[in-house]
Structure formats: structure tokens, C-alpha cells
Amino acid sequence: MEPLAFDNGIIINHKFYRHCGKTLDTVSKKDYPDEEFFDKSILCLDMDAFETQTHKGSKEHTVDAIIGIKDFSNNKFHSHRLLLIELRIDFESEKRLSKTELEKKVCHTKELLGNDIAINKISFFVFKQDIINRVINWFNNKSQEGGNLKFCKPISTKEFGTLIKSENSFPYVPITDLKSLEKTLLSFLEQKDYSKFINQTEYWLKEAARFKRQYNNEEHRLIMEVITGLWRKFRTSSPILSDDESIDTEILEEDYEALTKITNMLDNRNKPQSRH
């Protein structure tokens, strides 16, 4: 199973959040106060708290928590949805498990959530690492009897931490070959072929702008880091330019704020300091 990113936004914006918004760590500590199982930044809906607040009389059983998740592929997060989580971390064996009870918890929770937001097809049931293999066998055997247990996945606390990660755990992979870009522009500088350097810089400035228009801010940022670094190197080397090259340089610096800032910074640095 591919890792998933937890999605706090979908939880904060959920209509239940004002009733039962918590962190998954807080919910787990109700029953396991001395244990550290979950990332403290994962927000959730505490479904037991929701049932208590909204059903003052007899209440039906729900799973313990709902978190938000999303997939990551092609440098984008997508398929935002809810994930049902039942905590069975105190179980010492599979013998206390009830197929009917587990299925009722999932079914009732989904009824409460409705169809407003997509719900992950599989629900997670979290156990300790030392019994997970026996539990998996139990789930596999009981699933053969039919019903919705086949959509319930037993998972250890360790595996949960491996599968459910923060957004920062999914590094952006650049579309552009940044090393090749830097090497090419640097070679023009070393050869003092300033015309090619300026022309290629303009080309990549336009490419960076194109990515920004497509809301790919990370690609834009990475390209601009290379461009501005080399432009600073170009300007500090005090190159001897032809008239055309000087004009093209000035035009680029007028058109692109990032280059203008470099020029202004260097000009200020080179100004003689006044004496008092």
C-alpha cells in the first residue's frame, strides 16, 4: 500500500469539527494515556464525543476517529477523503473480536457522515505490533463469511506510522533538469558567451513564469533559484558587454523583478559610504 498524507484541512472544514474536533493523539490517550502512538499534528473527528453530544439518550457505537487523507502522485496531492479508524491497541489477542460488532461500527459511522465527502473504501483497525499477524489471520478468515469485514484492514501502530505521513514527507520532484540548466548557463559565463547566456536566461525566466501561471509554485521557485544565483554571478563579474548585450541585460532587469532586486542590491553595495 502506497503511503498517504494526512489531510487536516478536510477535517477542520467538516461540519462535525465544532462538535468533536480533536487530535488523533488526544483520542488515543483517552484509553492509552501513557502511550505515544500517533503524530500529534494529525487532526481527527472524535466520533464517540460526537455521539455523546448529539445523542443524549441511548447511542449506537461508532469507530473511534475519522481523519482526512489524500494521495500523492505526479507532484500533486489529490483524492481528498475521510478514513475511519478504530483503535484496538489494548487487545492482547484476537479472541475478543466480533465480526458483527466491527461491521456495525463502520456502518453506523458511515451513516452519520453521509455522502457529503468521499470516504475511503477501506477502514483501519489499529492493533499492537505483537498480535497483528494473528489478527490479520482472523480478519482473513472472517471475511470469507461475507459481509463488509473485507473492507476493514487490520494494521499495527508501526505500520500506521509508515503509511500515514505529513505533507512534508512527500518531496517535490522537479520537472526541469535543474543541474543541466545550471551547467549550461554556467558554461556560457565561463566562455564569456554573454549573448547566449542572456538569451537562455530569458527563455528560462519565461518557463518559470509559465509554471507559475499553472500554479506550480515549487517548480517556479526552483528555476528562479538557479537563474538568480547565476545572474548574481554574471553581474558581480563585471562583464564587458557589447551594446546589444548591454541593452538586452537592461531590458531583462526591467522586465523581471527578481533580476532588478539583484542589480539594486549590487549597486547599493558598490556605492561609496558617506563619512560623518
Looking at side-chain heavy atoms only, is the closest gap between [X] and [Y] below 4.5 Å?
| X | Y | value |
| --- | --- | --- |
| V226 | L222 | no |
| I85 | L87 | yes |
| I12 | L43 | yes |
| L113 | L82 | yes |
| M224 | L205 | yes |
| S98 | L102 | no |
| K165 | F6 | no |

From [atom1] ([X]) to [atom2] ([Y]), nearest 0.5 Å:
| X | Y | atom1 | atom2 | value |
| --- | --- | --- | --- | --- |
| E51 | M47 | CD | CE | 6.5 Å |
| H19 | T52 | NE2 | OG1 | 13.0 Å |
| W204 | L181 | CH2 | CG | 5.5 Å |
| T228 | K261 | OG1 | NZ | 10.5 Å |
| K196 | T184 | NZ | OG1 | 11.0 Å |
| L241 | T249 | CG | OG1 | 5.0 Å |

Partner set under ring pair (Phe, Tyr, Trp, His ring centres under 6.0 Å) for [X], not counting sequence neighbours:
| X | answer |
| --- | --- |
| H14 | F16 |
| F127 | none |
| F125 | F139 |
| F170 | F72, F77 |

Can we say K30 and D46 salt-bridge, meaning some charged N sits less than 4.0 Å from an Asp/Glu carboxylate O?
-> yes

Taking only Lys NZ, Arg NE, NH1 and NH2, and the carboxylate oxygens of Asp or Glu, determine whether E92 and R96 approach each other closer than 4.0 Å.
-> no

Could you tell me which non-hydrogen atom of [X] sits nearest to which non-hydrogen atom of [Y], and how far apart they are?
| X | Y | result |
| --- | --- | --- |
| L230 | L189 | O-CD1, 3.9 Å |
| L185 | F197 | O-CD1, 3.5 Å |
| P154 | I132 | C-CD1, 3.9 Å |
| E103 | L149 | OE2-N, 2.9 Å |
| V27 | D64 | CG1-O, 4.2 Å |
| E159 | S156 | N-OG, 3.0 Å |

More than 12 heavy atoms of other residues, nucleotides or ligands under 6.0 Å from [atom1] of [X]: is that the case?
| X | atom1 | answer |
| --- | --- | --- |
| K212 | NZ | no |
| E2 | CD | no |
| D243 | CG | no |
| N74 | CG | no |

Classify the angle between the aromatic ring planes of F234 and Y194 as parallel (below 30°), tilted (30 to 60°) or perpendicular (above 60°).
-> tilted

Can you tell me if [X] and [Y] form a side-chain donor-acceptor pair at under 3.5 Å?
| X | Y | answer |
| --- | --- | --- |
| D39 | S41 | yes |
| H220 | E207 | no |
| T23 | T26 | yes |
| T176 | E219 | yes |

Say whether [X] and [Y] are linked into one hydrophobic cluster, either directly or through other cluster members, by side-chain heavy-atom distances under 4.5 angstrom.
| X | Y | answer |
| --- | --- | --- |
| F211 | Y203 | yes |
| I67 | F151 | yes |
| I251 | W231 | no |
| L24 | I89 | yes |
| I198 | I240 | no |

N/O donor-acceptor pair under 3.5 Å between E190 side chain and S187 backbone | no

Taking R81 for its side chain and S79 for its backbone only, find out whether a donor-acceptor pair lies under 3.5 Å.
-> yes

Evaluate the salt bridge (charged side-chain N to carboxylate O under 4.0 Å, His left out) criterion for residues E35 and K29: first the C-alpha distance (whole Å), next the side-chain angles of each, then the deciding distance (0.1 Å), finally the verdict.
-> CA-CA 7 Å; E35 302 283 356; K29 278 186 167 53; over 6 Å; no

Using salt bridge (Lys or Arg N to Asp or Glu O under 4.0 Å) as the criterion, list what pairs up with K158, not counting sequence neighbours.
-> none

Taking it one step at a time, do D71 and K76 satisfy salt bridge (charged side-chain N to carboxylate O under 4.0 Å, His left out)?
-> CA-CA 8 Å; D71 295 314; K76 293 180 181 178; over 6 Å; no

Taking it one step at a time, do E101 and K104 satisfy salt bridge (charged side-chain N to carboxylate O under 4.0 Å, His left out)?
-> CA-CA 5 Å; E101 178 193 357; K104 282 184 176 179; over 6 Å; no

Which of these, E167, H80, H78, sits in a side chain to side chain donor-acceptor pair (under 3.5 Å) with K70?
-> E167

Pairs satisfying salt bridge (charged side-chain N to carboxylate O under 4.0 Å, His left out), at least one member in residues 139-152, at least two apart | K142-E145

Could you check N120, I119, V63 and say which one makes a side chain to side chain contact (heavy atoms under 4.5 Å, CB included) with L83?
-> N120

